[in-house]
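Contents: one structure, followed by commentary.
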Amino acid sequence: MPMDSNAVISEIRKNFMLESIKNGKRLDGRPLDEYREIKITENFIPKSAGSAMVELGNTKVVAGLKIEQGEPFADTPDKGVILLNIELLPMAFPTFESGPPSEQAIEYSRVVDRGIRESKMIDTSKLVIESGKNVWMIFVDIDVLNYDGNIIDACTLAAVTALKNAVIPGSKLGEKDFKLPVNATPVAVTMWKLGDELICDASLEEEQVSTGRITVTMSEDNNIHAMQKGEIGEFSLEEIQKAIKTSSNIGNKLREKYFR
Amino acid sequence: MPMDSNAVISEIRKNFMLESIKNGKRLDGRPLDEYREIKITENFIPKSAGSAMVELGNTKVVAGLKIEQGEPFADTPDKGVILLNIELLPMAFPTFESGPPSEQAIEYSRVVDRGIRESKMIDTSKLVIESGKNVWMIFVDIDVLNYDGNIIDACTLAAVTALKNAVIPGSKLGEKDFKLPVNATPVAVTMWKLGDELICDASLEEEQVSTGRITVTMSEDNNIHAMQKGEIGEFSLEEIQKAIKTSSNIGNKLREKYFR
Amino acid sequence: MPMDSNAVISEIRKNFMLESIKNGKRLDGRPLDEYREIKITENFIPKSAGSAMVELGNTKVVAGLKIEQGEPFADTPDKGVILLNIELLPMAFPTFESGPPSEQAIEYSRVVDRGIRESKMIDTSKLVIESGKNVWMIFVDIDVLNYDGNIIDACTLAAVTALKNAVIPGSKLGEKDFKLPVNATPVAVTMWKLGDELICDASLEEEQVSTGRITVTMSEDNNIHAMQKGEIGEFSLEEIQKAIKTSSNIGNKLREKYFR
Amino acid sequence: MESNIKLITDDGLRLDGRALNEMRPIKIQTGVVEKADGSAYIEWGANKIIAAVYVREAYPKHAQNIDRAIVKARYNMSGYSVEERKRPGPDRRTMEISKVITEALESTIVLEKLPRAEVDVFIQVLEADAGTRIASLTTASVAVADAGVPMRDLVVGCTAGKADGKMVLDLSKDEDNFGEADIPMAILPRTKKIVLLQLDGKVSQEEFDEATSMMMNAIPRISEIQRNALMSKYNVEEGE
Amino acid sequence: MESNIKLITDDGLRLDGRALNEMRPIKIQTGVVEKADGSAYIEWGANKIIAAVYVREAYPKHAQNIDRAIVKARYNMSGYSVEERKRPGPDRRTMEISKVITEALESTIVLEKLPRAEVDVFIQVLEADAGTRIASLTTASVAVADAGVPMRDLVVGCTAGKADGKMVLDLSKDEDNFGEADIPMAILPRTKKIVLLQLDGKVSQEEFDEATSMMMNAIPRISEIQRNALMSKYNVEEGE
Amino acid sequence: MESNIKLITDDGLRLDGRALNEMRPIKIQTGVVEKADGSAYIEWGANKIIAAVYVREAYPKHAQNIDRAIVKARYNMSGYSVEERKRPGPDRRTMEISKVITEALESTIVLEKLPRAEVDVFIQVLEADAGTRIASLTTASVAVADAGVPMRDLVVGCTAGKADGKMVLDLSKDEDNFGEADIPMAILPRTKKIVLLQLDGKVSQEEFDEATSMMMNAIPRISEIQRNALMSKYNVEEGE
């Protein structure tokens, strides 16, 4: 969660926010588990192998794929490689800096990556050109252009959309181009604790007031594939169980709406 | 242009300098388009494959070449490789720092490199040992030992001299050593705007007073092969056209004097 | 020698220390050339190819080996490779920082490495799998966990112990595992100048008061294989000659006690 | 730059059907990065570039100029923006571009109006298709204006070059790769002063004059698109 | 995570002979790094990890929080600690682990009691054998207490996971590599609040509940080992 | 260091024709870097090395020593200075050399005379041909003097070593590569105190004594060359 001393929320507004949430309603009028307007622009970058721009309210991210040939990892000679990287661009927020990825960017990348990897969305064994020597490498680069909260969910939506559209350039090998083989549709749902409540799709100012973040990524098999408690703060086991149920419900809704 | 608060030019001296230049004469007595004494020491580094020390007044640079075998770039399998790098050594000026090259050093490197590359001075297609696999790589390293202005012209002179003397170590392949094939002699001429005038071969204090820098690199074909407007400041189209003519004239003179 | 403004020794204690040493006795009661209690725990890291924890009083270091296959250096195609690296972990002392190795860590690494290399302790010509292509590479990583002086001697002891126990995993090539061939037992003895005296195995506070450090590494052939004068300070030739004699004596004793 | 590929067809048109002095379509939109003080997005042909501006007190204090603003533009490319995946972070080419863009902006911002300030201009190339540096500068200058930074004029960028021996306006990717020269230039339309100029390739003095006159002719149109982008924002705001 | 290897034998035991809900042996010792303000060493199965804590004024001054402490845990692996030699320095995995360990410790340290301070926690994994992050956190929390830093409770870490379709406690290296899920968790025993939780693999909601209940049962034993380590130090000190 | 190559000919001379205790020619010149406070250039055999010194207030302020100067020597090699092209920037070898040169200079500079100051010594090896570290130190110490920094004495460096079983003075490149030992040393001629000493290879105590006595004999000559370089500058200046 980015810190910006100029943008710190006043105590009055913070209390007002918590009071409102206690009564089941957020400052922008949303119920606790409702997402902001979601806008997905598929194939936003025509030259990439697959891409999407995702807007969650003012949060704006772009995912783009490049697919190249390369050597597999030594311990998985019969699997293609997926490399996912989130850049929190310095344009996205006043305190984000240029340079190598921050701990925050790395954590976000790894959580998004785990959801996609562990749900077995992509069958990487179908990305082998020559065992142990040459495989398709999928670079999933995700840029955060404007930061207004809930980056993990936005980036997962963008990456999953881009992967679903992706085309492997088989023609470079004298074969046919083919669609990336997709087996599952993971959806990450992140919740924040504000007072005693859990809310979904926090805006930046809600993130700044929250005391704990929990992400649960599930796929249509209704299994949990990734979880991550983030930020300072603590959860009871009951809260975690509630978060899992919420993730299951919302994941089903989003999958229905955006990935049919 | 290096900034040094201790060395900032007083307003009085600055006005005196501008007044003098308005009258066609510089503080050291030179006319506007005249270079300081140029001293070129060829083969300054006998162990290198080609080298030169160039002194432009107090500005002092050394260019040295190493020629090694290596892989060509994937998109030019039938061409050798020239890699040119300028180091603004921390010894050369009080505010220069150790570490990776500054933006200034990179800009200078790239301008010098473009003049040499685009004039087709070196026929890199003659540097191929085995197509796509093994070519001669020419490392042109240029060290700035003392910074007293006009680095681009000094470095171009040094690099061109070193390349003209260069010997390819064919004997390492059981063949004969041979001179690097040279087809052109690019000369960079950089001009600075002081008041409404353009001057050549600025000293450091002239650089510090100037409002704009323009480099024009031409070869004996009288074509322009590289241009670079640098630093804050603006030029009219007429000033640019004048700069091109000056570069053509001075380039011919320098070529006549140093590269016959 | 690490500097810590909070831990700087008071003038009174410093003078007391120097006075005591002048009289042949140190603040902890040791004679000038006596080591603190040495504790060597062999095979401290069972999963490594060889390891040792060495404690010199409160100074605590761990050396561990990894042995992998790799390419030899171009200029020594018929030799295996030994790479030795000391990490002054930030936990070991208040002013040690995370990040790339400091000048101090690099100097220590290189001095320990030279003693081992130049004594020809390891016959690297026996580590070749395929000439010019594949050799055994021995990574000797040494971590300093607590810094209480005399790191070079402690690290040399740890590295030498770990190498003496090391097993080359020949079984990975379908052959037998075999002990690393060892031909010598180098011992580094470092001395510090305090007043006009030389002392061995300085504690941290003795290091902080000293005016010069000299390391002499010898093996059972009674030849000198590495020397290093370190830190600001100066020695007379007589002091150096005395240091060599001390190193020879102590080296023999330590070799007798720990490496028979 | 090699000219093995035919870039001008027999009827005198370019491979993408444009006339020699025809620009690609340009679209600019402001206010696209909500957290920033100013921002603009440009589509110039297939180029897609976003620029965002933050105006703040320079930090640390000793880096401040007490009498004027510091400007820092950073040109950055997304991993997916070019043919081969671009590794994150600056390289020598992007550092040079950042420098010339910074200097062009510095030449038009009224630096004395913002003592002690730093104007940070972040440029992200999402999709690259020839001419990104001048498209970046064109949109960055709109973003700087959108942030309310005082400027003497908006900077307008443009390229010309040589393809199959002919001078052409606004190089395409193929013309950039296989043509004989590339001349990016940026000017302040009001005074026609040049604040960015680079050249690489091979052009005679006459060809250079032809190239600059082509660009000078194109500049008013680009300038108008910039102004409309800034205006439309104010119109909308007034309408609310 | 692939399940090609049989991880549970026919008599319902694991490859190392443990029952499904059986922990590996754990030993903790304090005061192992003399220069540090606090330290602790843990052997958890074959894991060997050392943690040392320095409490100091945060530096530089503008990085201080005037009303509370900053906590920075750094998880680092020795070159010889894993199968293939680990290059020195942080990588993406260790940076993520450092972050979640830092946040777990921040959740229990009474930050307001140490305004302007920085609590630096250095963790060195000397030998790694599955579960290093929770073993690190468990020993780091003892080291923080050893340094006299005020805490609401000691953090206790633990893992559970899925192997051959069964939920198992405290994953072994093989179960970590070839099992179907890995769930590291850390709690404050007094309130049973969760301060670290990660999961990767595939588990149903019921399996998740089984895993957390296994871990909740194991926590008091680990907590006792932590307390004994801290006590024994004081006993010795009293005896001196 | 391997001794497969014959380094001493049958008539007892070395491959380059020198006697066992013969130095290569040395030339030193001051005032070669105009912008620096002091500078010197040395040609020692085929070695070509330049050193420049800046004396300034240490920065940032908290890095200052209130009672004495900080000295920082940086030994750097040009890309073309050695057989295989040297990549720019420090490596482990150059960092160690920078450290021992810094410490040797610190041992002779009267640090207390320059409180709060930093003495930056930049050394650039333009051409390397064995013995660069002691040639660097020898010329750096002249550059420091040229900058007017108070010194107790000029440092003089020298090497000796073992080749074909014989002790030789001032190793050549071949003797350095294929000889049996290398002993760089630097002293303050006035007191004969040693401020730099390294050794690698294999030498007995007697051989070590022979090496150091060879070097001690050579030192006055080098010292004189240093002094002449500094003098000639003043002579010229006076003459102007």
Side-chain angles (χ1 to χ4, degrees), chain C residues 2 4 6-7 41 43-53 55 57-70 83-101 105 109 137-149 162 166 169 203-204, chain E residues 29 31-41 43 45-57 59 72-90 94-95 98 118 120-130 132 136 139-140 143-144 146-147 173:
Chain C
D4 178 8
N6 299 323
T41 312
N43 289 319
F44 183 67
I45 307 294
K47 284 191 173 184
S48 70
S51 64
M53 174 152 79
E55 292 163 270
N58 280 323
T59 285
K60 190 182 288 193
V61 308
V62 175
L65 269 52
K66 285 285 156 184
I67 301 182
E68 301 180 356
Q69 299 173 51
L83 292 167
L84 186 147
N85 186 44
I86 296 175
E87 296 274 320
L88 298 175
L89 295 180
M91 70 166 52
F93 196 74
T95 59
F96 287 175
E97 288 177 17
S98 300
S109 295
M137 306 189 65
I138 303 179
F139 294 93
V140 183
D141 283 296
I142 310 175
D143 290 313
V144 176
L145 302 175
N146 193 62
Y147 188 116
D148 195 22
S203 67
L204 175 62
Chain E
Q29 189 189 339
V32 290
V33 177
E34 175 243 353
K35 292 289 171 227
D37 297 317
S39 60
Y41 170 70
E43 291 186 5
N47 290 301
K48 287 194 171 70
I49 301 165
I50 195 161
V53 173
Y54 290 87
V55 184
R56 39 197 164 196
E57 201 187 347
Y59 181 83
K72 276 193 200 156
R74 290 187 200 83
Y75 168 100
N76 193 40
M77 305 194 88
S78 292
Y80 44 80
S81 65
V82 276
E83 206 50 45
E84 298 241 322
R85 192 237 176 186
K86 169 81 175 70
R87 283 166 153 274
T94 63
M95 284 178 76
S98 294
E118 177 166 315
D120 278 316
V121 183
F122 298 106
I123 297 164
Q124 189 70 15
V125 178
L126 300 170
E127 185 148 25
D129 193 50
T132 57
S136 293
T139 194
V144 171
D146 186 46
K173 190 81 196 144

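Chain letters run A, B, ... following the sequence lines, proteins first, then strands; residues in each count from 1.
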**OP:** Quick one: closest heavy-atom pair of Leu126(E) and Phe44(C), and the distance?
**Re:** CD1-CE2, 4.0 Å
Original post:
With a 4.5 angstrom heavy-atom cut-off, which part of Tyr59(E) approaches chain C: side chain, backbone, both or neither?
Top reply: neither
Original post:
Rounded to the nearest 0.5 Å, how far does OG1 of Thr95(C) lie from OH of Tyr54(E)?
Top reply: 8.5 Å
**OP:** Identify the two heavy atoms, one from Met91(C) and one from Gln124(E), that lie closest to each other, and give their separation to 0.1 Å.
**Re:** CE-CB, 3.7 Å
Subject >> For chain C, the option from Val53(E), Val82(E), Val121(E), Asn76(E) that forms the most heavy-atom pairs under 4.5 Å >> reply: Val82(E)
**OP:** Mind listing the closest non-hydrogen atom pair of Tyr80(E) and Leu65(C) along with its distance?
**Re:** CB-N, 4.2 Å
Original post:
Under a 4.5 Å heavy-atom cut-off, does chain C meet the side chain of Val32(E), its backbone, both or neither?
Top reply: both
Original post:
What option among Val140(C), Ile67(C), Val62(C) has the most heavy-atom pairs under 4.5 Å with chain E?
Top reply: Val62(C)
Original post:
What pair of heavy atoms forms the shortest contact from Ser78(E) to Asp143(C), and how long is it?
Top reply: OG-OD2, 2.6 Å
Original post:
Can you say whether Ser51(C) sits under 4.5 Å from chain E via the side chain, the backbone, both, or neither, judging by heavy atoms?
Top reply: neither
**OP:** Check Asp141(C) against Gly79(E) and note the closest heavy-atom contact, atom names and distance.
**Re:** OD2-CA, 3.5 Å
Subject >> Under 4.5 Å from any heavy atom of chain C - which part of Asp129(E) >> reply: both
**OP:** Taking side chain to side chain donor-acceptor pair (under 3.5 Å) as the test, write out the residues that go with Asp37(E), two or more places apart.
**Re:** none
**OP:** Assess whether atom CZ of Arg56(E) is packed by more than 12 heavy atoms of other residues, nucleotides or ligands within 6.0 Å.
**Re:** yes
**OP:** Return the option, out of Ala92(C), Pro100(C), Gly99(C), Gly64(C), with the maximum number of heavy-atom pairs under 4.5 Å with chain E.
**Re:** Gly64(C)
Original post:
With respect to chain C, which residue among Pro90(E), Ser39(E), Ala52(E) yields the maximal number of heavy-atom pairs within a distance under 4.5 Å?
Top reply: Ala52(E)
Original post:
Between Lys47(C) and Ala128(E), what is the shortest heavy-atom contact and its length?
Top reply: NZ-O, 3.1 Å
Original post:
If you measure from NZ on Lys35(E) to NZ on Lys60(C), what distance do you get to the nearest 0.5 Å?
Top reply: 12.5 Å
Original post:
Atom CZ of Phe139(C) and atom NZ of Lys86(E): how far apart are they, to the nearest 0.5 Å?
Top reply: 13.0 Å
Original post:
Measuring heavy-atom distances to chain C, does Arg74(E) have an atom under 4.5 Å in its side chain, in its backbone, in both, or in neither?
Top reply: side chain
